[in-house]
Amino acid sequence: MDEKKSECKIKIIKDGPYIVTGNVPLQESIITPKGKAYEYQPGRELPQAETYALCRCGKSKNPPFCDGSHVDCNFDGTETASRDRFEDRAELFKGPELDLLDDNRCAFARFCHSEKGNVWQLIEESDKEGFRELAIKTAVECPAGRLQVMDKTGKVIEPEYEPSIEILQDPERRVSGGIFVKGMIPLESEDGYIYELRNRYVLCRCGKSRKKPFCDATHVPMKYKDEQ
Ligand code: FES
């Protein structure tokens with residue numbers, strides 16, 4: 001791991017924010033429909049800093065940053081997500097050219113859809129022309145890291161990301177999404193536990209996930225919107 005990557009970290013504060021250290025670039029990204037698939041469009045510019053605190057309770061008046069509102073709203077940020085390893089939690093889907101592990105941790109970003117079907121259909125037909133590439137794309141573009149694609153030798157196919165954080169917006173659903181964390185940034189629980197290192201994951205920022213600290217798409221039914 002290079003020096004820049006080794007300095008990056010996210011620390012969860014008990015019933016409070018995520019403290020991000022190590023100069024991690026921060027930007028807003030808009031989930032945007034493109035035919036039957038989706039792409040990211042850049043959103044607002046956000047201030048950059050060596051250390052910053054991202055709201056976890058959903059009540060900040062200065063989103064995506066913490067403004068102390070978690071104290072006033074008595075935020076209960078208890079971490080309830082499984083700490084089992086991804087491979088132990090995930091279900092295996094086998095296809096002719098590719099296999100897929102799926103841990104069902106959905107942030108409802110919908111990048112698993114394409115013009116030729118969803119990732120599970122594409123895996124099943126991964127020996128057909130053009131389906132292999134599309135199966136890989138729809139798996140690796142899932143921000144939640146729910147989907148991990150492998151070739152038939154078991155080699156994981158995963159993009160290389162520089163550490164960065166994207167604040168997701170989902171105007172198609174008229175909601176604000178979670179915090180997309182890219183590039184193997186370590187995540188430390190309030191009790192000091194280090195979660196399994198992952199290349200992609202989405203953190204909850206509406207405060208209502210049942211799998212805290214991770215997003216479980218609850219922001220959609222609760223209509224979370226981070227407008228001030
Ligand atoms: S976590 Fe501090 S305002 Fe939301």
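Basis for what follows: all heavy atoms, side chains included, without hydrogens, waters or symmetry-related copies. All ligand and atom numbering here is 1-based and tracks the order in the structure.
For the residue pair Ser189 and Glu79, a side-chain donor N or O sits within less than 3.5 Å of a side-chain acceptor on the partner.
Taking 4.0 Å as the cut-off between side-chain N and carboxylate O, Glu125 and Lys116 do not count as a salt-bridged pair.
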Go through the steps for Asp84 and Arg89 under the test salt bridge (Lys or Arg N to Asp or Glu O under 4.0 Å), then give the verdict. CA-CA 6 Å; Asp84 293 343; Arg89 286 185 284 113; over 6 Å; no
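Phe65 places none of its side-chain heavy atoms less than 4.5 Å from the side chain of Ile167.
Protein residues having at least one heavy atom under 4.0 Å from any atom of ligand 1 are Gly16, Pro17, Cys55, Arg56, Cys57, Ser60, Cys66, Asp67, Gly68, Ser69, His70, listed by chain and number.
For the pair Arg173 and Phe108, the cation does not sit on the ring face, since its NZ or CZ is not both under 6.0 Å from the ring centre and inside 45° of the axis. Stacking of Arg83 on the aromatic ring of Tyr195 is recorded, both the 6.0 Å distance cut-off and the 45° axial limit being met.
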